[in-house]
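Here's the structure we're looking at; comments come further down.
A note on names: the letters A, B, ... follow the listed sequences, proteins ahead of strands, and every chain is numbered from 1. Note that the coordinates shown come from a computational prediction; the quantities given were computed from them, not determined experimentally.
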Protein chains: 2
Amino acid sequence: MTSFTEENYLKAIFKINEKTSKPASTNGIAQQISTSAASVTDMLKRLAEKELINYEKYKGVTLTPTGNKIATNLIRKHRLWEVFLVNKLNFSWEQVHDIAEDLEHIKSDSLIQRLDNYLGNPRFDPHGDPIPNAEGKFMIRNQTSLDQLSIKQKGVLVGVSQHQSEFLQYLNELEIKLGTAFEVLNITSFDKSIKIRKDDTIDITLSHEVSKNLLVKKINE
Amino acid sequence: MTSFTEENYLKAIFKINEKTSKPASTNGIAQQISTSAASVTDMLKRLAEKELINYEKYKGVTLTPTGNKIATNLIRKHRLWEVFLVNKLNFSWEQVHDIAEDLEHIKSDSLIQRLDNYLGNPRFDPHGDPIPNAEGKFMIRNQTSLDQLSIKQKGVLVGVSQHQSEFLQYLNELEIKLGTAFEVLNITSFDKSIKIRKDDTIDITLSHEVSKNLLVKKINE
DNA sequence: GTTAATATTTAGACGAATCTAAAAATTATT
DNA sequence: AATAATTTTTAGATTCGTCTAAATATTAAC
Ligand SMILES: [Mn+2]
Ligand SMILES: [Mn+2]
Ligand SMILES: [Mn+2]
Ligand SMILES: [Mn+2]
């Protein structure tokens with residue numbers, strides 16, 4: 001059996017591997033999990049012992065197939081619960097991550113299978129992130145960050161790469177949500193701030209810090 | 001903060017107090033929780049230290065107001081989740097207890113408040129047990145066990161005092177569920193087995209072991 | 001009211017997960 | 001290549017929750 005804590009380590013390693021395409025470092029994991037490097041080393045030994053990770057001293061870690069299965073299943077559960085919280089309980093997208101962080105550890109295959117079904121087998125979570133299927137396969141999303149677009153290009157918001165509630169609340173204020181359509185009007189070369197026309201009506205200016213965290217699908221006309 | 005384990009002790013103490021109307025004994029708790037008496041004594045010291053229980057060596061335990069609040073809230077969450085699993089995810093009543101045993105430990109007041117609302121503020125769980133309100137008040141159910149009825153008396157099933165899945169599955173086979181109407185036709189003095197007419201149509205015989213675990217509300221005509 | 005049986009607590013140990021401080025290995029800098 | 005900076009591991013301690021075995025207290029039986 002994998003404990004609550006072990007599961008969190010596996011998920012952290014998965015995310016780092018995914019983001020960097022490299023083995024996860026001890027410090028990287030420590031930071032992700034908000035713990036000390038020493039604790040991480042301890043846990044890596046245990047996870048290696050259980051054959052959930054590939055670990056060589058000083059060389060970083062990757063997941064074994066078994067470890068990968070557990071990690072993707074956690075992500076599947078996390079994202080399905082987020083859909084439940086938003087679609088059924090009417091939570092807002094910035095409120096659900098922390099709750100899902102706990103719910104993802106509930107161990108029942110039939111529960112998650114029924115939940116998936118009840119929600120209509122959603123393929124994306126409230127933040128636009130893909131929900132892996134029961135076999136752990138992710139759907140690949142055709143996306144670019146908004147700051148990669150050039151003037152006059154159009155796009156539609158399909159995701160966010162920041163999940164902090166302050167960021168999401170800021171988007172709420174601007175009435176930017178998944179599905180919102182954009183056209184790039186102007187880019188200031190000095191600070192890379194970007195002026196866009198939203199839903200063909202309202203013009204707003206976004207800082208580079210914001211625009212690089214907005215994931216859009218380009219619309220070719 | 002109260003841990004998962006501490007919560008389970010508080011709930012066990014609550015249940016014993018409720019059932020016996022006496023302070024819970026060390027052995028009683030040990031049995032309820034499937035652990036050793038020594039472990040219980042250890043934990044009782046910790047819980048007393050946190051002022052969640054009233055504990056005097058060799059004298060048994062009761063809950064303090066704070067401990068009681070935590071315990072009733074756990075029961076509230078447990079039963080609300082059971083309603084969700086049965087009413088929304090179409091689980092059968094014998095499948096939900098174990099899953100709810102985990103879900104009850106999820107800590108989010110807004111979650112449980114929204115869930116309650118989403119379910120239509122149910123007052124009883126799938127086994128007929130009352131769901132305490134947010135203040136911890138239980139609704140008192142007017143009930144007698146079926147074996148207390150005399151011949152020709154009528155009643156309707158409002159609960160079960162056994163929650164084992166084998167028992168519930170046996171009731172499924174007999175098509176006995178909450179709301180099922182009974183009339184007592186006959187009681188065998190030898191083994192106290194009882195013959196009833198179910199829903200005015202089918203006659204079935206139940207052992208005393210079964211009838212004493214069926215909670216009915218008498219119907220006076 | 002002693003003695004026997006049972007219930008409860010204490011003693012001592014262990015595994016999981018964590019920490020800080022110190023040692024060792026790796027990587028970067030000159 | 002030698003030294004400095006950084007990263008990682010080890011050593012040693014702590015807390016939580018658990019165990020078995022032994023000691024003590026309570027309750028039941030004679
Ligand atoms: Mn999330
Ligand atoms: Mn998400
Ligand atoms: Mn239950
Ligand atoms: Mn129940």
Side-chain angles (χ1 to χ4, degrees), chain A residues 1-13 15-17 19-63 67 70-71 74 101-102 104-105 107, chain B residues 1-13 15-17 19-63 67 70-71 74 101-102 104-105 107:
Chain A
M1 252 297 92
T2 54
S3 71
F4 188 99
T5 318
E6 289 171 331
E7 288 186 343
N8 282 336
Y9 275 91
L10 294 175
K11 207 172 51 141
I13 295 164
K15 287 197 169 169
I16 293 168
N17 287 168
K19 189 177 227 168
T20 65
S21 305
K22 277 190 286 188
S25 70
T26 301
N27 267 356
I29 298 166
Q31 197 172 348
Q32 176 86 13
I33 263 176
S34 301
T35 192
S36 71
S39 300
V40 174
T41 305
D42 279 357
M43 180 57 90
L44 294 183
K45 287 178 192 165
R46 268 197 292 274
L47 293 173
E49 185 61 39
K50 290 190 172 190
E51 298 187 51
L52 297 173
I53 60 170
N54 307 114
Y55 173 52
E56 260 189 291
K57 270 189 183 183
Y58 296 100
K59 302 254 167 109
V61 263
T62 56
L63 298 171
I70 295 170
L74 282 166
E101 208 64 18
D102 287 337
E104 72 188 11
H105 299 286
K107 289 180 177 63
Chain B
M1 251 298 89
T2 53
S3 70
F4 187 99
T5 317
E6 289 171 330
E7 289 187 342
N8 282 336
Y9 274 92
L10 294 175
K11 207 173 53 141
I13 294 164
K15 287 198 170 169
I16 293 168
N17 288 167
K19 187 178 228 168
T20 65
S21 305
K22 276 190 286 189
S25 69
T26 302
N27 266 358
I29 298 166
Q31 197 173 348
Q32 177 86 14
I33 263 175
S34 300
T35 192
S36 71
S39 301
V40 174
T41 304
D42 280 356
M43 181 56 88
L44 294 183
K45 287 177 193 166
R46 269 197 291 272
L47 293 173
E49 185 60 38
K50 291 190 172 189
E51 299 187 46
L52 298 173
I53 59 170
N54 306 112
Y55 172 52
E56 261 190 289
K57 271 188 181 184
Y58 296 102
K59 300 251 169 109
V61 263
T62 57
L63 298 172
I70 296 170
L74 281 166
E101 208 63 20
D102 287 337
E104 72 187 12
H105 299 285
K107 290 180 177 62

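- Every residue meeting the side chain to side chain contact (heavy atoms under 4.5 Å, CB included) condition with Ala37(B), not counting sequence neighbours, appears here in chain and number order: Thr26(B), Asn27(B).
- For Lys22(B), the NZ atom sits in a loose shell: 12 or fewer heavy atoms of surrounding residues, nucleotides or ligands are nearer than 6.0 Å.
- Counting any heavy atom pair closer than 4.0 Å across all strands shown, Lys59(B) reaches no nucleic acid atom.
- Using a 4.0 Å heavy-atom distance criterion, Thr26(B) is classed as a sugar-phosphate-only contact.
- Here side chain to side chain donor-acceptor pair (under 3.5 Å) pairs that include residues 29-39 of chain A, with residues two or more places apart or in two chains, are Ser36(A)-Ser39(A).
- The closest side-chain donor-acceptor pair between Asn8(A) and His105(A) falls under 3.5 angstrom.
- In this structure, Leu47(A) and Tyr9(A) approach most closely via the heavy-atom pair CD1-CB, 3.8 Å.
- Separating the NZ atom of Lys57(B) from the C1' atom of dT8(C) is a distance of 10 Å, rounded to the nearest angstrom.
- Contact footprint of chain A on DNA chain D: nucleotides with an atom under 4.0 Å from a non-hydrogen protein atom, first to last in 5' to 3' order, dT7(D) to dT10(D).
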Which nucleotides of nucleotides 12-24 of chain C have their base under 4.0 Å from a protein heavy atom (B), which only their sugar-phosphate (S), and which neither (-), written as one string 5' to 3'? -----BBBBB---

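- Partners of Thr62(B) under the side chain to side chain contact (heavy atoms under 4.5 Å, CB included) rule, at least two apart in sequence or in another chain, are Asn17(B), Pro23(B), Asn54(B).
- Taking both residues in full, the closest heavy atoms of Ala24(A) and Ile13(A) are given as CB-CG2, 4.3 Å, listed atom of the first, atom of the second, then distance.
- Not counting sequence neighbours, the partners of Lys107(A) by the side chain to side chain contact (heavy atoms under 4.5 Å, CB included) test are Met1(A), Thr2(A), Glu7(A).
- Contact between the side-chain N/O atoms of Lys45(B) and the OP1/OP2 oxygens of dT10(C) is found at a separation under 4.0 Å.
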